[in-house]
Each structure stands twice: as C-alpha cells, then as structure tokens.
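Let me begin by presenting the structure, written as structure tokens, before commenting on it.
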Amino acid sequence: MRLSRYFMPILRETPKEAEIVSHRLMLRAGMLRQETAGIYAWLPLGLRVLNKINAIVREEQNRAGAIELLMPTIQPADLWRESGRYDDYGKEMLRIKDRHEREMLFGPTNEEMVTEIFRGYVRSYKDLPLNLYHIQWKFRDEVRPRFGVMRSREFLMKDAYSFDIDAEGAKHSYAKMFVAYLRTFERMGLKAIPMRADTGPIGGSLSHEFIILANTGESEVFCHKDFLDYEAPPAEINFDDRAAVQDVVDRWTALYAATSEMHDAPAFEALPEAERVSARGIEVGHIFSFGTKYSEPMRAVVNGPDGKEVPVQMGSYGIGPSRLAAALIEANHDEAGIIWPRAVAPFHVGLANLKVGDAATDAACEDLYARLTKAGVEVLYDDRDDRPGAKFATLDLIGLPHQLIVGPKGLASGEIELKDRRTGARESLTPEAAFNRLLAASA
RNA sequence: CGGGGUAUAGCGCAGUCCGGUAGCGCAGUAGUUUUGGGAACUACAGGUCGCAGGUUCGAAUCCUGCUGCCCCGACCA
C-alpha cells in the first residue's frame, strides 16, 4: 500500500479524552474514531489489525473442530423470554421496537439464538458433539464505557457454543476450547493465563477467564510464577484425543491463578514468596460450561442411544477481538508508539523513501516495494514528499515490525537500512540482502 | 446510578472572573529555501464559541434550563 493513496489519519497530539495508552495510540495512529460514548468506527489501519486477529481466532477455532456461522445482531425479545433472561438482563441490554411495535434487542450474546437454531435441526445424539461459533458485533449498554475499545458498548466478539449428549462430552468440548484459546493467544505473542472465574449472568458451574499480563491492566491478578514459562500446546495436538486435551487443561489449572474477585489470599500466601506473581491483567477470553441452563427451558433435546430425550449439555466460549486489539497494544508499546507482534501487525514492513523525487532513491524503493509485495510481504510504502524525521516518527508510532529506510546517503554506498521496531536495532544492508531478510522473516 | 470535571477551527489550548467586531500552536492549501529522527519563512483558508431561552444598546463572557463527552466509584467480554 502506498501511503500517499492510503487513509491513515495520524494525530500528532493526543485527544484529551484518551486516558490509557492503548486508546491514545489507537487514536493517534489513525486506527479508531469515536462516534459516541463506547461506540467506535474502525479506520483502515485498525480494521487490518482486527482482521488479522479474527483470522487467527478463526483458524484456531476451526482447528479445534468448531464450525463458523453468522447470526444476526438484532434478536427478537420472545427468544429471550424463553430462557428468562429478557427480564434478568437489565438495562445493559439495548431494547428496541420495530415499526410494528415488535420488541427486539441488540444482542449482547447469543446463547438463546444458537440454542433456537440447534433445536430446529438436531434430533439425535449421533450429530453430537457440535460446536458452532460466529464473530459478530455485540452491544452491551455499559453504565460507563471507558478505555476506548477495551470497554466499549459495541464490541466484536467471537462466541462459540458447544452441544454434547452428556457431561463427559461437555467436559471434552470445554477442554478443546481451552486448548484452542491457549494457542490463539500465544500466536498473537501474548502470555494468557487461565484463571478460575465467576460465571456472572451467563451462568453455569465451570468457568475460566483468560488473562494477559500487562502492567497497565485493569484488574489485579495473582498466579504462580511457573505459568510465565508455560508454553501453549502445539498445532499438532489431536483434539479428538480426550486424554491429551484434558492433560493440557489439568496442567494449566494445577497451579494457583486467580483474579482479585476469586482471590484466596491465604492459599496464595501459602506459596513460597519466590513463586508468587502479583500483576495487572486484562481479560481477553472467557469460557463457560453451563449444562442444561438453556437447553432445558428452551427444550433443546436430542434422542440418546437409549431412545430417550435428554436436554443437551452446553458451553459457551468468548474472545473479544476488538478488546484484544487494545490489549495487544497495552502489552506491546514504548514511548514512541505501538510495537505490533508480527502476527497481528497491519503491515509487515514500513518502507520509507527519504527523498521522494531523487531518481535513485525512487527507483530503489519502487523495486523493493514491487518485489516484496509480489512475494506476499505486506508493505506500507511511505512515498509522500515529507521530511525523514516525520516519516521515522510515523513509522514508530504505527509500530510495523520492520522498517526499511532508503535514502540517497545509504544508496551512494549501495546500502539501505533495516530497522527492527521492537529492539531498535538497525543494520545497513544491500537492498538484495534486506529483501532476502524480509522474505525469511515472513516465512 | 452517585461524585467531580469539561464543551471555543480537524487536534491541543488561551480568552470567560471584569460584556464591546474570536485568538495561539500544530495540522491543511500555495510558494520559496530545505531534507538521515516530527524544518524555516511568506501568504491563504478554516469558527452558528455544545443547544435553547433570558438580561443588555451589545453576550464566548452574566442568568436559567437542557445535552454531549471525560474522570473517580459501584457494575461488566
């Protein structure tokens, strides 16, 4: 993408409403625009990040056997009366009426609707297990939205729903999502720690929050230090192997980890001091197993092997990609701006032409831009006639992992500069060597 | 929902106390000189001063009401 033809409205100064670093940087980097309290437009650069996050989430959901569909944002009130949540949900649910005075709502979550879809088609235990998910906008009318897209009213959520014939199957479904979540966050370069959680209005018996550690995190968390060295299971893990999947869950839940709401101070303090970690955290995922809470009232039943009808065992599993975009910045930034992990970076490389109009510089840039793009490397080419300093500042702000700096001085000796945004390390290389280096990095 | 702020150009702000033709910096446009870590100069353009009433010869400024937004708290992916 040529920056001269892109839409990336960066701000030199920080809008005063933005308090936390991710919000400030998202506004400054031209990723977001607030339209009203807790409601944001995603500008092109922000959307690219959101799409990268979604792609990883989707791959890992699919790998774990979940199947994507797409449910609407607007739902009929009657569906929610069946589960009893129309009255329970309170003012956080945005309720609206259509032109015929029918009561509708903007979905805050989709348990009811997915259960309605399920019961419309599935009759037999032979069709189980089943896990359906979508990535769709949700609306929760928070009393006080804040922190940009970290706590917005409209937000994007991946929500998966599992259906099983019995509790054992449900446990396996839960474990599969548990593993998928560990992999999802690790692929984004985040250290996410599962913590036992309160189930809140979703209800149910078993629940974990996935918390990433970031010193600007919103809540206080406590965990065993060994978690910091744990690695997510490999892509090759066999999700159908109940024991293997359960082993991962057991391992990741064996040590102490809790948010402040669930914190058991005596238990935590019983650990040797050197093994305790108190930190700030951000919730990026939440999984629940809630049995027949919805299937029973909504009559989502199947015939079991014995021919008897039983309500299905359900679970739901959420990740907030829009929140993740902010959380990623909270965990990856410095004074100059964002530092994107490669997997979610809006572009891989920022190519800075330090002297637009200089024939040799233009030619070198055009050549690199064309070849890298052709090779599948995503390049944002700053071809604007601007001063070098401004270009450096912009590239640091938007945080692309690699910066290719091409100017007449370096070219005079046949070299260009390759800078690593995270380490700040710079290297002078021939254009050819830089090209090969970037190809290798994207392999 | 309780408490506290704030609203003036795209962004950041001054002006309000003490009423008298709306200003600064950045960003934008044109030009000149520049060009390896957010350039300088010149010129230009950009505002129903959140909204509605009121007081006054005259209101960004004083009074009344309303609204938006932000922060702290309680609540939450």
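For A:A393, taking side-chain heavy atoms from C-beta onward, the closest of the listed nucleotides B:G36, B:C76, B:G38 is B:G38. With distances taken from any side-chain atom of A:F392 to the nucleotides B:C76, B:G37, B:C72, the minimum falls on B:G37. The A:R140 side chain lies nearest to B:C76 when the options are B:C76, B:G36, B:G73. Side-chain proximity of A:R12 to the nucleotides B:A39, B:C76, B:A27 is greatest for B:A27.
Considering CG of A:N436 and OG1 of A:T430, their distance stands at 8.0 Å, rounded to 0.5 Å. In this structure, OG on A:S83 lies 8.5 Å from CD on A:E111, to the nearest 0.5 angstrom.
Between the P atom of B:G36 and the CG atom of A:D396 lies a distance of 16 Å, rounded to the nearest Å. For A:E92 and B:A74, the CD to P distance is 16 Å, given to the nearest whole Å. Rounded to whole Å, atom C1' of B:G36 lies 15 Å from atom CG of A:L404. Between the CG atom of A:D358 and the P atom of B:U34 there is a distance of 15 Å, given to the nearest Å. The distance between atom CZ of A:F147 and atom P of B:C76, rounded to the nearest whole Å, is 15 Å. Distance, A:F7 CZ to B:G28 C1': 14 Å, rounded to whole Å. Between the CD1 atom of A:I39 and the P atom of B:C70 there is a distance of 11 Å, rounded to whole Å. B:C72 atom P lies 10 Å from atom CD1 of A:I20, rounded to whole Å.
Straight-line distance between the P atoms of B:C13 and B:A7: roughly 9 Å, to the nearest whole Å. The same atom, C1', is picked in B:C70 and in B:C24; the two are 24 Å apart, to the nearest Å.
Applying the 3.5 Å distance criterion, the base of B:G37 shares a donor-acceptor pair with the side chain of A:R426. For a distance-only test at 3.5 Å, the side chain of A:R151 qualifies as a donor-acceptor partner of the base of B:C76.
Using a cut-off of 4.0 Å between Lys/Arg side-chain N and Asp/Glu carboxylate O, A:R153 and A:E92 are scored as not salt-bridged.
In this structure, A:I405 reaches the bases: a heavy-atom distance under 4.0 Å links it to at least one base atom across the strands shown. Residue contacts for A:G410: at a heavy-atom cut-off of 4.0 Å it reaches a base atom on one of the strands shown. Here A:G320 lies out of heavy-atom contact (under 4.0 Å) with every strand. Residue contacts shown for A:S152 include a base, since a base heavy atom lies under 4.0 Å away. Using a 4.0 Å heavy-atom cutoff across all strands shown, A:G318 reaches no nucleic acid atom at all.
Relative ring orientation between A:W252 and A:Y230 is described as perpendicular, the plane-to-plane angle rising above 60° on a 0-90° scale split at 30° and 60°.
Pair check for B:A43 finds B:U29; Watson-Crick or G-U wobble, both atom distances under 3.5 Å. B:U6: Watson-Crick or G-U partner is B:G68, with both key distances under 3.5 Å. When both pairing distances are held under 3.5 Å, B:C49 makes no Watson-Crick or G-U pair with any nucleotide shown. Base-pair partner of B:U56: not found among the strands shown (Watson-Crick or G-U wobble, both distances under 3.5 Å).
A donor-acceptor pair shorter than 3.5 Å cannot be found between the side chains of A:H402 and A:D420.
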Could you list, one pair per line, each protein nitrogen or oxygen that sits under 3.5 Å from a nitrogen or oxygen of nucleotides 10-15 of chain B, together with the distance?
unit_1	atom_1	unit_2	atom_2	d
B:C11	O2	A:E13	OE1	3.2
B:G12	OP1	A:K16	N	2.8

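A:H263 and A:F222 have their aromatic ring centers within a separation under 6.0 angstrom.
Residue A:E112 forms a side-chain hydrogen bond (donor to acceptor under 3.5 Å, both in side chains) with just one option from A:R85, A:Q75, A:R81, and that option is A:R85. Applying the ring pair (Phe, Tyr, Trp, His ring centres under 6.0 Å) test between A:F178 and each of A:F210, A:F239, A:F185 identifies A:F210 as the sole match.
Between A:K91 and the phosphate of B:C1, there is a side-chain N or O to OP1/OP2 separation shorter than 4.0 Å. Dashed line: the shortest gap from a side-chain N or O of A:Q34 to OP1 or OP2 of B:C70 is under 4.0 Å. Side-chain nitrogen and oxygen atoms of A:R144 include at least one within less than 4.0 Å of the OP1 or OP2 phosphate oxygen of B:C72.
Seen from the ring of A:Y369, A:R2 does not count as a face-on cation partner, given the 6.0 Å and 45° thresholds.
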